[in-house]
There are 2 protein chains.
Amino acid sequence: MTDPGSLLRDHGLSVTAQRIAVLRAVAACPHGTADDIAESVKSEIGSISKQAVYNALGTLVEKGVLRRIQPAGSPALFENRIGDNHHHLICRACGKTVDIDCAVGKTPCLHASHHHGFHIEEAEVIYWGTCPECRTQA
Amino acid sequence: MTDPGSLLRDHGLSVTAQRIAVLRAVAACPHGTADDIAESVKSEIGSISKQAVYNALGTLVEKGVLRRIQPAGSPALFENRIGDNHHHLICRACGKTVDIDCAVGKTPCLHASHHHGFHIEEAEVIYWGTCPECRTQA
DNA sequence: GTAAAAATATTGACTTAGTCCATTTTTGAC
DNA sequence: GTCAAAAATGGACTAAGTCAATATTTTTAC
């Protein structure tokens, strides 16, 4: 991983212990919830306020350092794998989330047939299914 | 629209005034939130409990009569256009949601390159962009 | 290195979307 | 019409996240 300090500076952000710890936590738990990340940060630097976690995550998503995915029926998840146009495959039963490379392979990998005058920025794809473990149980 | 009563019976559900009104409300406001639907139902049959709205919507989604979409940063939306594999285009600025026919045209229109042993049931696509009105304002 | 300004963090109340549960009412089958 | 099962009601509750005032830290300018 790039040094978190320079990563922040490069995006014009102040370097704070909280933000560095949040970056580390996202790297450590990919597809983690805000809460997972808060827990992970606490175990690293002792304590952090809920608000600081949300602020940091929000700012970092805004600057394009992190990506937020928000699947139906789940709190938002965060990941640091960005810019490669990958998608997500989520288990309906247990919520397990894995990365999936884009089926087509380039960005944007999809084109809407009729865009209603919208300017389309991004195509987000979520595959829903059942993971091997949950399939065995059923 | 199919008669709501038979639609419910066909799916093995009891026919109640609340469910019929919910079906009508979803037809009347496509891409409405649970709250929009509750309001619409109230104006039709006078009153309904919040719980009945959630129960009805949940059951109907489960039976495949309605579809739930849950975009980031928005409460769940419901629609009755199902089975044609269409997708959604949402304005980041104002939240306006429109239907988009599948770019490829058949179900499932996408195939994950590596499915990690998952059984994939559905590919959900959300296009994010800016609608013509919001684009003019910016 | 210091001080002022700007940015960020803390705390705690608050909001929104939705769930849980005990009770009452309605529905469908005989 | 009766009765069991299904659904609706009402109200408390929870989870995820936002707001806003204050305190602290970081950055910038000297």
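Numbered from 1 within each chain, the chains take letters A, B, ... in sequence-line order.
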Can you tell me how far P of C:dA7 sits from NE2 of A:H11, to the nearest Å? 18 Å
Looking only at C:dT10, D:dT9, D:dG17, the nucleotide nearest the A:A52 side chain is C:dT10
Of the listed nucleotides (C:dA9, D:dT9, C:dA17), which one gets closest to any side-chain atom of B:N55? D:dT9
Gap between atoms CG and P, on B:L13 and D:dA6 respectively (whole Å): 11 Å
Between B:S74 and B:A17, which residue's closest nucleotide on DNA chain C lies nearer the 5′ terminus? B:S74
With heavy atoms under 4.0 Å as the rule, sort A:A76 into base, sugar-phosphate or nothing. sugar-phosphate
Side chains of A:H86 and A:D99: donor-acceptor distance under 3.5 Å anywhere? yes
Quiz question: going by heavy-atom distance under 3.5 Å, is there a donor-acceptor pair between the base of D:dG10 and the side chain of B:K50? no
Select base, sugar-phosphate, or nothing to describe what A:S49 touches, counting heavy atoms under 4.0 Å on all strands. base
Kindly determine whether B:D3 and B:R24 satisfy salt bridge (Lys or Arg N to Asp or Glu O under 4.0 Å), including the steps that lead there. CA-CA 10 Å; B:D3 168 53; B:R24 288 233 172 80; 5.6 Å; no
Sugar-phosphate only, base, or nothing, as touched by B:Q51 at under 4.0 Å among non-hydrogen atoms: base
Whether A:H87 side chain and A:I100 backbone form a donor-acceptor pair below 3.5 Å: no
Taking for each residue the nucleotide of DNA chain C bearing the nearest heavy atom, is the 5' side occupied by A:A56 or by B:A34? A:A56
If we count only N and O atoms by modelled type, under 3.5 Å, do the side chains of B:E79 and B:H88 hold a donor and an acceptor together? yes
Rounded to the nearest angstrom, tell me the gap between atom CG in A:D35 and atom P in D:dT14. 16 Å
A:I48 CD1 to D:dT24 P, straight-line distance once rounded to whole Å: 17 Å
Options C:dG28, D:dT26, D:dA8, nucleotide nearest the side-chain atoms of B:S14: C:dG28
Rounded distance in Å - CG (A:D36) to C1' (D:dA15): 14 Å
Side-chain atoms of A:R19 come closest, of C:dA9, C:dC21, D:dA7, to C:dA9
Steps toward salt bridge (Lys or Arg N to Asp or Glu O under 4.0 Å) verdict (A:K96, A:E133): CA-CA 10 Å; A:K96 181 157 59 187; A:E133 290 78 46; 2.4 Å; yes
Measure the distance from NZ on B:K42 to P on D:dA8 and round it to the nearest whole Å. 15 Å
From CZ of B:R68 over to P of C:dA17, roughly how many Å is that when rounded to an integer? 14 Å
Over how many whole Å does the gap from B:Y54 atom OH to D:dG11 atom P extend? 18 Å
